[in-house]
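Encoded as structure tokens, the structure appears first; notes follow it.
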Amino acid sequence: MQEITGFIPSTSTPYSEFKAHLGEEVTVKGTIHNIREMSDFAFILLRTARDLIQCVYSPEFSDFRLSPEIAEQSAAKITGKVVTSETRDGSERYELQIHNIELLSVPADIPPVVISKKQINCDLSVNLDYRPVTLRNPKERAIFKIQEGIQRGFREYLQSQNFTEIHSPKINFAGAEGGTNVFKLDYFGKTVYLAQSPQLYKQALVPVYERVFEIAPVFRAEHHDTSRHLNEYISMDFEMGFIDSFTDIMNMETGCLKHIMNLLKTEYAPEIELLKVNVPEITSIPCIRFKDAKELCVKKLKNITDMKDFEPEEEAFLGKWAKQQYNSDFLFVTHYLSKKRPFYTMDDPEDPEVTLSFDLLFRGIEITSGGQRIHDYNMQVEKMKKLGMNPDEFETYLMLHKYGAPPHGGLGLGLERLTMHLLGFKNVRYAAMFPRDINRVSP
Ligand code: AMO
């Protein structure tokens with residue numbers, strides 16, 4: 001009888017072990033990324049999970065001969081001798097002198113877009129139409145490897161701070177953020193809503209675990225086609241109890257971002273190098289009140305009409321201002337107006353016109369909203385009524401307040417927004433693996 005032991009024998013040598021095998025024969029499994037044939041030899045680039053391995057074919061190395069079925073995008077098992085490779089900058093690289101190629105699969109057709117060049121040279125919409133193929137390009141896939149690093153850093157840091165990871169439902173009885181950008185769904189004859197955020201649930205879990213976090217998709221029915229909005233994005237949320245002030249949340253986020261950036265510099269160095277990413281140095285993050293930031297904008301920019309919120313150009317200006325004044329890529333803007341923040345936000349007891357809330361700007365764009373929440377039952381019911389909401393519809397949410405909740409707060413950080421600005425993209429779709437927008441639900 002065959003028994004499964006949980007052990008998979010290694011049949012492919014990773015590039016990171018080539019140095020240890022210098023002069024020896026090894027076998028590597030991967031996809032043939034690029035073939036450059038010369039008169040009597042050829043370079044074959046083999047794409048593995050994270051590397052491009054140069055393999056050199058020459059009739060001098062063995063009796064094996066190249067054949068036409070060995071084409072780009074074939075899955076292959078290449079056996080060869082590890083040798084040092086000449087590099088322009090003198091850095092240490094290794095290549096394989098091919099002894100044999102065994103094909104494991106062959107593609108039915110050639111890719112619709114050239115993916116074997118240094119980068120994809122086509123319009124964003126074409127790139128997105130062929131995403132399962134264009135993501136194979138090393139620069140494209142590096143974007144999402146870095147995105148993995150951001151999520152990993154977020155998770156690692158919060159776990160180190162005793163947060164519990166949760167998963168809240170995405171089919172909900174009410175929108176959590178108000179506004180019109182909520183998707184309605186027919187649920188066996190009832191109207192329900194796709195989660196705009198895990199807000200109501202992460203708060204409910206504070207009296208249970210004190211500190212919780214979630215990394216998950218959320219849905220926003222954005223009716224406009226903008227370069228910074230998606231209809232589905234990954235929200236990295238946390239919520240923490242027993243805070244003394246909403247600055248505790250900002251401190252937690254600052255610590256978390258420091259950890260993320262350090263992790264990217266160390267564990268994701270190949271992708272950071274490939275995409276020439278300018279990883280920000282964070283020592284501390286300056287803070288400015290909304291009112292003071294608005295005054296700065298009014299002084300420096302013309303035609304500002306909305307005094308209750310920021311236009312994108314104001315955020316861009318504040319980003320430059322923080323860089324000049326504090327040499328910081330980040331800026332916390334605090335104390336947003338009460339009428340512009342959601343129903344769960346705590347007003348400032350010293351000035352109820354403003355809230356104990358903040359946004360974090362990164363290189364001039366909002367990547368986070370957060371703040372302290374109302375934990376008192378009567379205060380929450382009052383605020384809902386003031387905003388024209390029916391507290392009865394939020395009975396299950398209000399159990400949090402009714403049956404006792406500590407002072408608490410948290411934040412939501414948009415993963416694609418952070419990735420977009422870290423990598424210097426002009427459009428958030430470059431930072432979404434399979435973006436959903438008003439015109440796109442495929443692939
Ligand atoms: P908010 O609605 O401001 O706050 O969202 C938090 C962060 O999510 C990102 N974001 C988006 N990213 C891409 N496309 C969108 N359509 C989009 N909308 C928002 C931004 C934004 O800063 N519950 C609160 C958070 C909290 O207080 O805990 C919330 O969701 O980066």
Side-chain angles (χ1 to χ4, degrees), residues 147 150 154 158 163 166 168 170 172 174-183 193-206 211-241 243 246 248-250 252-253 256-257 309-310 312 315 319 330-334 336 340-346 355-374 397 408-422 425 427-433 435-438 440:
Q147 199 165 73
I150 295 173
F154 186 81
L158 294 179
F163 280 74
I166 57 161
S168 60
K170 302 300 159 218
N172 286 334
E177 303 298 331
T180 53
N181 65 357
V182 52
F183 282 110
Y193 307 91
L194 284 183
Q196 289 169 300
S197 80
Q199 187 65 38
L200 310 188
Y201 294 93
K202 62 178 181 168
Q203 280 189 254
L205 290 165
V206 166
R211 294 178 166 194
V212 294
F213 76 94
E214 176 164 4
I215 304 172
V218 293
F219 306 89
R220 304 277 171 110
E222 306 290 354
H223 296 281
H224 308 289
D225 196 358
T226 82
S227 60
R228 51 155 82 182
H229 290 97
L230 295 163
N231 288 347
E232 176 177 345
Y233 70 91
I234 305 290
S235 188
M236 304 201 294
D237 278 82
F238 73 69
E239 200 70 20
M240 54 194 273
I243 56 171
F246 77 113
D248 290 358
I249 305 152
M250 290 147 70
M252 189 62 78
E253 180 167 33
C256 191
L257 286 169
D309 215 339
F310 292 127
E315 287 185 355
F330 294 89
L331 177 69
F332 278 118
V333 181
T334 64
Y336 279 80
K340 294 303 279 186
R341 296 303 263 208
F343 63 88
Y344 49 77
T345 316
M346 175 87 99
T355 51
L356 299 178
S357 72
F358 65 90
D359 274 5
L360 179 62
L361 307 187
F362 173 42
R363 295 179 178 153
I365 192 175
E366 175 208 320
I367 57 163
T368 295
S369 287
Q372 183 161 354
R373 326 299 187 184
I374 297 172
Y397 170 61
H408 66 281
L411 58 77
L413 169 55
L415 177 61
E416 293 85 350
R417 286 262 184 102
L418 173 55
T419 313
M420 167 190 181
H421 276 261
L422 182 65
F425 296 140
N427 194 315
V428 69
R429 288 161 185 79
Y430 285 108
M433 203 177 253
R436 297 291 179 254
D437 63 32
I438 194 160
R440 181 179 289 282

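Residue numbers start at 1 and run along the sequence shown. First listed ligand is number 1; within each ligand, the first listed atom is number 1.
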Exercise. Y430: what forms a side-chain contact (heavy atoms from CB on, under 4.5 Å) with it, not counting sequence neighbours?
Worked result: L124, F425, N427
For this session: Using a strict 4.0 Å threshold on nitrogen-to-oxygen distance, state whether R417 and E315 make a salt bridge.
Result: no
For this session: Could you name each residue pair satisfying ring pair (Phe, Tyr, Trp, His ring centres under 6.0 Å) that touches residues 218-240, not counting sequence neighbours?
Result: F163-F238
Exercise. Are E416 and R429 within salt-bridge range, i.e. N to O under 4.0 Å?
Worked result: no
Seminar exercise, completed: Taken to the nearest 0.5 Å, the spacing of L415 CG from I150 CD1 works out to 5.5 Å
Exercise. Under a 4.0 Å heavy-atom cut-off, which residues neighbour ligand 1?
Worked result: E177, S197, Q199, K202, R220, E222, R228, H229, L230, Y233, Y344, E366, I367, T368, S369, G370, R373, G410, L411, G412, G414, R417
Exercise. In chain order, what residues pass the ring-ring contact (aromatic ring centres under 6.0 Å, His included) check against Y336, with sequence neighbours excluded?
Worked result: F290
